[in-house]
K.L.:
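Following this message is one structure expressed as structure tokens.
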Amino acid sequence: MTLAWILFYLPIVTSAVNQLVLRRNPVVPYVATAASALCFLISLVLLGREGEVGFNWATIGDLNIRIALKLDQLSTGMMVIVTGVGLLVHVFSLAYMREDKAVNRYFSGLGLFMFSMTGIVLSANFIMMFIFWELVGLSSYLLISHWYHKNSAADAAKKAFLCNRLGDFSFMIGVLLLWGITGHLTFEGLREWADGGGVAAAPAGVLGAAVLCIFGGAMGKSAQVPLHVWLPDAMEGPTPASALIHAATMVAAGVYMLFRLQLSIGSDAFDNFAGTTIAWIGGITALLAALMATQQDDIKRILAYSTLSQLGYMIMAVGLLAGEAGMFHLYTHAWFKALLFLGAGAVIFACHHQQNIWKMGGLCGRMPITSATFAAGTAALVAIPYVTSGFYSKEEILAAAYSGSTALFAIAVVVAFLTAFYMTRAFVVAFLGKSRSDDASHAREVKPVMWVPLAILAVLSLISAFLTGPLNAYRPHEASLIIVAASVVSLALGLAAGFFLYRGKNKDPLNIPAFRERLYFDGIYDNVIVRYFQDATAAIVHFLDEFLINGLLAGGAARASQGFGNLFRRLHGGSLQAYSFAFGLGVLLVIYFTVFF
């Protein structure tokens, strides 16, 4: 189990050394990359191992809080995803961030992020998980605001931090409720409680409320409606960091945590209004995000809304009591979404940081390797049947929806159509046709240090469904004819609509303001919640602070003290007559109180 502790501590130790000791040394990126490679190798060695190791951190009455690492098929499989994608992001960043003035700070931030996610994945109890849950929020804030001199980046980081605080507060309440119901905070303890009939004996309403409150934490981290608004804006950070956030770390944490809870207390705890609510929030998020993606022009924002939509798929599966399907999709999605984001980064890098797809075009001839790998990632995301890994994991979610809810199955099929449509739109506009700008016309293939990670991810996008994943016993299997037919028809219609509608176009033939403006969620938040609630609350707090606390309480006490001080200063002015008068007055008062009281 020593390897587990090395895997746990190595990222933070490397990050601390890079930031505090080697801060201005050009070796920092290579030290960070070497550490991430070692973490990946350790994760491969630990894959499939079982056990738990830890130490007591604090004892409060009967509550014993431990820092403990839990190794099982789920956690070790997830660590392969986290460290594998993390390693490729580090390698890609060596070239992408080479000219950045704060490159050492960036790589230190990556190390802190990896440590945070490692803590979440290997946690053996909810207390430890919550600590690292908060640390992931801090890490994402630092990476999103890496270029903090840009107002857009600073605002995006602040939005991510605030949205996640709302979810985290719900998460904390849910954990406390669960502790009150079960008396356990460790995953093993929760499993024993559930196996002993605890779920049947617990009040269904209270247990369902606890599950939903914990799900609130997943809504923040995995960006589910209505806490989804931070994720598209998080694109203001460096593109490789976006790949890490979207593929295998922060946004995956919510799905992972929810499935870990489902494994611990059993699916029966979700088989009520809690599971239904979770499934519908996931389905609605998948649909709304896919609709918004159809009208975005920034290549990174298209992929961001795609991530939102796919996360909705995963959350829906957990709510439908098919958490294995959700985790299976998380596993395959990690590889092809990392590929798409890093591929977008290569395109942005080659096009002199141009991100608008309508100012690209003709990149297939100029960037053949990047184009081919991006096409592979697109094929996996739209789920080309029996060729890509995305097909098998998506079919499992469709099967769960088909068995659980006709309405959610219909939503899932529509989302499949929209996914094929907006990804075909992005590929046709950005990679096919003629160049639409000087930036695109001068684009050239990136160096091997950037395209080699793309090639590796492209292969994994095609075959990862057949490799050992987070659940060793889980393997793709044949779906029913109805599900396959619905999947194939939606795919064909989406590909055809995207290709024929956007082939040879120089501007978007569709103009749907509601989708382009993100269904006005951000406008509602800014103009209603912020203006009428946040600003009104700030005004009230300002009034209480200035007039009540400062003016009456603190200020009044200060003025009273000053007045008494002036009085006593006058009595101690050194005048013999004043002292005699005070002495005589005191004697009279003593006699008066002695005689009459």
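As the structure is a computational prediction, the values presented were derived from the model and not from experiment. Position 1 is the first residue of the sequence, and the numbers go up from there.
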K.L.:
Ring centres of Phe215 and Phe171 under 6.0 Å apart?
P.N.:
no
K.L.:
Looking at Arg518 and Asp233, is there a salt bridge between them, counting it only when a charged N and a carboxylate O are closer than 4.0 Å?
P.N.:
yes
K.L.:
Which heavy atom of Ile357 sits nearest a heavy atom of Ala426, and at what distance?
P.N.:
CD1-CA, 4.4 Å
K.L.:
Dump the intermediate steps for side chain to side chain donor-acceptor pair (under 3.5 Å) on Ser108 and Ser15, then the final yes or no.
P.N.:
CA-CA 5 Å; Ser108 298; Ser15 179; 4.8 Å; no
K.L.:
Are the side chains of Leu501 and Phe421 in contact, using a 4.5 Å heavy-atom criterion?
P.N.:
yes
K.L.:
With side chain to side chain contact (heavy atoms under 4.5 Å, CB included) as the test, would you mind laying out the steps for Ile315 and Thr285 before giving the verdict?
P.N.:
CA-CA 9 Å; Ile315 293 291; Thr285 301; over 6 Å; no
K.L.:
How about Phe521 and His228: do any of their side-chain heavy atoms sit closer than 4.5 Å?
P.N.:
yes
K.L.:
When rounded to the nearest 0.5 angstrom, what distance separates CG in Leu457 from OG in Ser461?
P.N.:
6.0 Å
K.L.:
State whether a side-chain donor-acceptor pair under 3.5 Å links Trp133 with Asp168.
P.N.:
yes
K.L.:
Under a plain distance cut-off of 3.5 Å, with no hydrogens placed, do Tyr96 and Thr239 share a side-chain donor-acceptor pair?
P.N.:
yes
K.L.:
Give the ring-plane orientation class for Tyr106 versus His146, where under 30° counts as parallel, over 60° as perpendicular and anything between as tilted.
P.N.:
perpendicular
K.L.:
So, for Gly283 and Leu408, which heavy atoms are closest and what is the spacing to 0.1 Å?
P.N.:
CA-CD2, 4.3 Å
K.L.:
So, for Phe499 and Thr424, which heavy atoms are closest and what is the spacing to 0.1 Å?
P.N.:
N-CG2, 3.5 Å
K.L.:
What's the spacing between Leu142 CG and Tyr148 OH if we round to 0.5 Å?
P.N.:
11.5 Å
K.L.:
So which heavy atom on Leu308 is nearest to which on Ala289, and how close?
P.N.:
CB-CB, 3.5 Å
K.L.:
Quick check with a 6.0 Å cut-off and a 45 degree axis cone: is Arg165 positioned over the face of Phe161's six-membered ring?
P.N.:
yes
K.L.:
Please evaluate residues Ile397 and Met316 with respect to the criterion side chain to side chain contact (heavy atoms under 4.5 Å, CB included), reporting the C-alpha separation (whole Å), side-chain torsions for both, the decisive distance (0.1 Å), and the verdict.
P.N.:
CA-CA 8 Å; Ile397 294 177; Met316 181 178 68; 3.8 Å; yes
K.L.:
Can the ring centres of His333 and Tyr313 be said to be less than 6.0 Å apart?
P.N.:
no
K.L.:
Yes or no on ring pair (Phe, Tyr, Trp, His ring centres under 6.0 Å) for Phe466 and Tyr392, after CA distance, side-chain angles and deciding distance?
P.N.:
CA-CA 9 Å; Phe466 303 99; Tyr392 294 101; 5.0 Å; yes
K.L.:
For Met360 and Ser437, what are the C-alpha separation, side-chain angles and deciding distance, and is it a side chain to side chain contact (heavy atoms under 4.5 Å, CB included)?
P.N.:
CA-CA 6 Å; Met360 297 178 185; Ser437 68; over 6 Å; no
K.L.:
State which residue, out of Gln310, Glu324, Glu395, fulfils the side chain to side chain donor-acceptor pair (under 3.5 Å) condition with His329.
P.N.:
Gln310
K.L.:
Go through Arg366 and Ser435 one step at a time and tell me if the side chain to side chain donor-acceptor pair (under 3.5 Å) criterion holds.
P.N.:
CA-CA 10 Å; Arg366 294 178 174 82; Ser435 301; 2.9 Å; yes
K.L.:
For Trp230 versus Ala223, what's the shortest heavy-atom pair and its separation?
P.N.:
NE1-CB, 3.8 Å
K.L.:
With a 6.0 Å cut-off on the ring centroids, do Tyr305 and Tyr422 count as close?
P.N.:
no
K.L.:
Side chains of Ser389 and Thr332: do they bring a donor and an acceptor to under 3.5 Å?
P.N.:
no
K.L.:
Which is it for Asp100 and Trp147 under the side chain to side chain donor-acceptor pair (under 3.5 Å) test, yes or no, and what are the steps along the way?
P.N.:
CA-CA 10 Å; Asp100 192 89; Trp147 293 314; 2.7 Å; yes
K.L.:
Angle between ring planes, His353 versus Phe349, binned at 30° and 60°: parallel, tilted or perpendicular?
P.N.:
perpendicular
K.L.:
Could you grab the distance from atom CD1 of Ile456 to atom CG of Leu342, nearest 0.5 Å is fine?
P.N.:
11.0 Å
K.L.:
Which word best sums up how the rings of Phe107 and His90 line up, parallel for under 30°, tilted for 30 to 60°, or perpendicular for over 60°?
P.N.:
tilted
K.L.:
Pairing donors with acceptors under 3.5 angstrom, does anything connect the side chains of Thr370 and Glu445?
P.N.:
yes
K.L.:
Under a 4.0 Å N-O cut-off, is there an ion pair linking Asp522 with Lys159?
P.N.:
yes
K.L.:
Going by atom types alone, do Tyr141 and Asn164 pair a side-chain donor with an acceptor below 3.5 Å?
P.N.:
no
K.L.:
For the pair Lys359 and Asp297, find out whether any cationic side-chain nitrogen is under 4.0 Å from an anionic carboxylate oxygen.
P.N.:
no
K.L.:
Do Gln296 and Arg301 have a side chain donor and acceptor closer than 3.5 Å?
P.N.:
no
K.L.:
Evaluate the side chain to side chain contact (heavy atoms under 4.5 Å, CB included) criterion for residues Trp335 and Ile81: first the C-alpha distance (whole Å), next the side-chain angles of each, then the deciding distance (0.1 Å), finally the verdict.
P.N.:
CA-CA 8 Å; Trp335 307 113; Ile81 301 173; 4.3 Å; yes
K.L.:
Indicate the atoms forming the closest heavy-atom contact of Ala399 with Ile483, along with that distance.
P.N.:
CA-CD1, 3.4 Å
